[in-house]
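Report on one structure; see the data block that follows.
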Amino acid sequence: MKNQENGSSEESPKRSVILCVDDELIILRGLKEQLKSAFGKSYQIEAADSAELALQIVEECNQAGIHIPAILSDQVMPGIRGDEFLIRIQETNPNTRKIMLTGQASAESVGNALNKANLYRYLSKPWDSNDLLMTVKEAVRSYESDISLSELNKKLEEALLYNRDSGLPNLESLRRRLDLAAEEKEDSLLALIRIESTSLTTRDFGVSLYKDLMKKFLDSMKSILGNYGEIFHVYEDEVAVLSKVSEEEFLPHLIAFRILLRSDYFTASGISFRINATIATASGKKDLYYKARLALVKASQEPEFDSESGIYSYSEKMDDQDLYKINMDLGKRLNQAIHSGNVVPYFQGIMDNQTGKVEKFECLARIVEDGKVYAPASFLYLAKSTGLLRRISPILFEKALKKFSDSSYSFSINLSETELESPSFPKWALSRMEHYGINPSRVTFEILETASFHGNPERLKVIAELKELGAKIAIDDFGVEHSNFSRLLEIQPDFIKIDGKFIQSLERNRTAFILTSAITELAHRIGAKVVAEFVSTPEELKVVRSLGIEYSQGYLIMQPSPDITPVSIKIIE
């Protein structure tokens with residue numbers, strides 16, 4: 001940068017600049033030396049003998065990214081006057097503190113600078129040195145305070161609007177853009193791309209490698225789609241492209257990107273990965289993100305949709321099956337059912353295959369509302385996603401205990417991961433059983449085979465404590481998740497309930513028969529008894545009994561009922 005006092009040149013500064021402007025060279029030199037003595041260690045002091053030269057210095061500083069905390073300017077100068085100069089500075093550097101130093105300024109010029117240049121202070125010539133230095137010090141401090149606040153706001157804005165890892169605009173940024181487009185009634189096309197392999201990649205190779213892989217994915221995406229729309233990093237596993245070009249022009253490039261994903265590999269840390277992604281689009285003037293998300297959900301639920309391009313596009317008929325609206329309604333009804341006591345246990349008998357008599361019952365959750373009964377399939381997934389399952393399980397257990405306190409039957413009840421993660425659950429369960437006079441030996445806690453115990457020793461501890469109380473443990477839906485047989489050693493169950501998919505295929509599927517037979521033999525070897533679920537025909541029951549399975553449960557035995565009903569089935573040898 002040129003530092004000019006009558007044309008002299010110095011080395012370009014890197015520090016923030018305090019600029020002095022005065023056409024009287026003696027005054028200019030004195031002012032510069034005075035400021036240099038007070039502020040020279042922290043700031044570069046620049047001087048200009050005309051407003052035109054000062055404007056050049058300001059422009060050079062702005063281009064170099066150098067801050068100018070304060071400018072001190074005379075008013076009466078040839079060419080551009082002081083107030084005019086400061087007004088022009090306000091246009092390019094509004095935060096710079098502007099100080100007018102003059103003995104000849106009119107009230108009009110000072111007022112002009114105050115109103116149009118946001119004049120920080122006016123000092124009359126000759127000025128008091130202490131007053132001058134104090135004014136400049138406060139001006140610089142005020143400027144830096146505002147800049148610090150501005151930079152903090154910028155960082156907060158970046159955190160709000162940009163993905164931290166990729167630096168791309170995020171979901172909030174996308175929503176703002178879509179809102180603006182809707183206000184201006186602009187037609188847009190939004191494509192959502194969800195990476196399906198995120199959790200597996202992160203689990204097997206770590207977050208660092210996944211971020212590297214994501215960067216290469218985004219770079220590839222930019223090269224193919226970047227010229228046709230703005231790319232947003234919505235979530236860690238979801239990216240969006242907002243395009244203003246026509247659908248006919250944009251879709252071929254989106255299809256080309258999908259073909260690339262299906263045929264090419266991305267390499268990270270010397271390992272090649274093929275990225276599986278689902279793509280959905282929506283076009284129009286409003287609600288594009290909502291519509292594209294709905295199409296994305298439908299694509300996940302119906303992977304075999306009829307589309308030659310492999311891209312799922314929103315259509316209005318999807319609104320009739322709006323899952324979000326359905327879930328909102330069900331969520332509210334689930335809350336209401338809990339508060340009003342409409343979550344109740346239904347009971348399904350478990351029959352002894354030798355005697356044909358129901359000896360115990362499983363407690364099943366139901367919601368009863370306006371005479372209608374809702375099975376778990378309609379609300380259990382919402383109970384899990386909202387965390388309300390932790391409220392449902394104790395309600396069912398309490399009501400089941402009360403029901404069986406007047407009978408001698410044994411019963412089983414499902415244990416969710418919420419109870420398994422609660423170290424206090426065994427003591428609470430014991431206190432409730434004692435309250436209703438029920439011996440723990442009558443109670444079986446059923447654990448889903450899909451429940452995770454890896455890295456959760458507390459869950460195994462809860463199971464061990466329940467067994468110490470005298471309660472029994474059953475593994476439910478065994479076989480549905482390619483069973484990990486080592487879990488049998490960890491849990492040491494009293495019962496194994498074979499998943500109904502096997503039982504319903506026993507007659508016509510030899511593989512199902514062989515697997516059911518093997519599971520039964522394994523259970524017997526470890527001292528566990530077996531329950532066959534979903535037994536619905538006499539033929540299925542006959543095969544189940546031939547395999548030596550001790551118990552049967554299903555609609556052939558009895559349908560779930562709000563009452564404990566003694567049932568017997570005539571066993572035909």
Side-chain angles (χ1 to χ4, degrees), residues 155 158-174 190-243 250-281 292-293 295-297 299-301 303-305 307-312 449-457 459 480-487 490:
K155 289 179 180 178
E158 287 176 352
L160 176 66
L161 297 178
Y162 293 89
N163 183 278
R164 182 180 60 185
D165 296 319
S166 65
L168 290 171
N170 61 13
L171 176 59
E172 179 61 28
S173 183
L174 173 61
L190 180 68
L192 289 185
I193 303 171
R194 184 176 62 208
I195 300 171
E196 304 294 354
S197 49
T198 300
S199 59
L200 292 176
T201 304
T202 303
R203 182 196 71 186
D204 295 337
F205 297 96
V207 175
S208 180
L209 183 141
Y210 174 74
K211 288 181 179 179
D212 186 23
L213 193 63
M214 190 67 180
K215 181 180 182 303
K216 294 183 178 181
F217 170 84
L218 291 171
D219 288 343
S220 177
M221 188 174 175
K222 290 174 189 175
S223 67
I224 296 177
L225 301 174
N227 292 330
Y228 303 94
E230 186 176 1
I231 296 174
F232 297 80
H233 196 166
V234 179
Y235 296 111
E236 289 309 307
D237 60 349
E238 189 175 303
V239 184
V241 186
L242 181 61
S243 178
F250 178 70
L251 280 182
H253 300 284
L254 189 60
I255 293 170
F257 181 65
R258 182 178 181 275
I259 292 172
L260 170 70
L261 293 180
R262 292 175 65 87
S263 60
D264 208 353
Y265 286 81
F266 295 85
T267 302
S269 300
I271 305 172
S272 295
F273 295 85
R274 197 178 89 172
I275 295 180
N276 297 318
T278 302
I279 303 176
T281 64
R293 285 288 301 175
L296 200 62
V297 171
S300 299
Q301 293 183 334
E304 302 301 326
F305 60 86
S307 173
E308 293 181 3
S309 67
I311 297 170
Y312 208 88
E449 193 242 343
T450 54
S452 173
F453 291 88
H454 180 68
N456 291 280
R459 295 184 178 183
V480 70
E481 290 290 331
H482 312 292
S483 304
N484 181 356
F485 293 106
S486 65
R487 181 165 303 171
E490 295 175 329

#### Entry: Smallest separation among heavy atoms of M214 and H233, with atom names
CE-NE2, 3.5 Å
### Message
If you apply the rule side chain to side chain contact (heavy atoms under 4.5 Å, CB included), what do you find for I195 with E238, and how did you get there?
### Response
CA-CA 6 Å; I195 300 171; E238 189 175 303; over 6 Å; no
### Verdict with supporting geometry, L296 and T278, side chain to side chain contact (heavy atoms under 4.5 Å, CB included)
CA-CA 7 Å; L296 200 62; T278 302; 3.9 Å; yes
### Message
Which heavy atom of Y210 sits nearest to which heavy atom of D237, and what is that distance?
### Response
OH-CA, 3.8 Å
### Query
If you round to the nearest 0.5 Å, how far is CE of M221 from CD1 of I224?
9.5 Å
### Summary
In this structure, CG of D165 is separated from NZ of K211 (nearest 0.5 Å) by 4.0 Å
### Message
Quick one, L218 and V239 - any side-chain contact, counting heavy atoms below 4.5 Å?
### Response
yes
### Query
For F273 and F205, which heavy atoms make the closest approach, and how far apart are they?
CE2-CE1, 3.6 Å
### Task
Work out which heavy atom in L190 is nearest to a heavy atom in A240; give both atom names and the distance.
CD1-CB, 4.0 Å
#### Entry: Distance in Å, L242 CG paired with F250 CZ, rounded so as to fall on 0.5 Å steps
9.0 Å
### Query
Nearest heavy-atom pair of A268 and D212: which atoms, and what distance?
CB-OD2, 3.7 Å
### Task
Could you grab the distance from atom CD1 of I311 to atom CZ of F257, nearest 0.5 Å is fine?
10.5 Å
### Query
Are the aromatic ring centres of Y162 and F232 under 6.0 angstrom apart?
no
#### Entry: Which atom of T281 lies closest to which atom of A191, heavy atoms considered
CG2-CB, 3.9 Å
### Query
Has the side chain of S269 got a donor or acceptor atom that lies under 3.5 Å from a matching backbone atom of I271?
no
### Query
Do any N or O atoms from the side chain of Y312 and from the backbone of A292 form a donor-acceptor pair under 3.5 angstrom?
no
## Note on the structure
Interatomic distance, CG@L174 vs CD1@I231, rounded to 0.5 Å, equals 12.5 Å
### Query
Say you draw a straight line from NE2 of H253 to OH of Y228; how long is it, rounded to the nearest 0.5 Å?
3.5 Å
### Check: T267 main-chain N/O paired with K216 side-chain donor or acceptor under 3.5 Å
yes
### Query
Going by heavy atoms in the side chains, are L209 and T201 under 4.5 Å from each other?
yes
### Query
Donor-acceptor pair, R258 side chain versus I279 backbone, under 3.5 Å?
no
### Residues F266, D219; criterion side chain to side chain contact (heavy atoms under 4.5 Å, CB included); working and verdict
CA-CA 11 Å; F266 295 85; D219 288 343; over 6 Å; no
### Query
What's the verdict on side chain to side chain contact (heavy atoms under 4.5 Å, CB included) for F217 and I193, showing C-alpha distance, side-chain angles and the deciding distance?
CA-CA 11 Å; F217 170 84; I193 303 171; 4.1 Å; yes
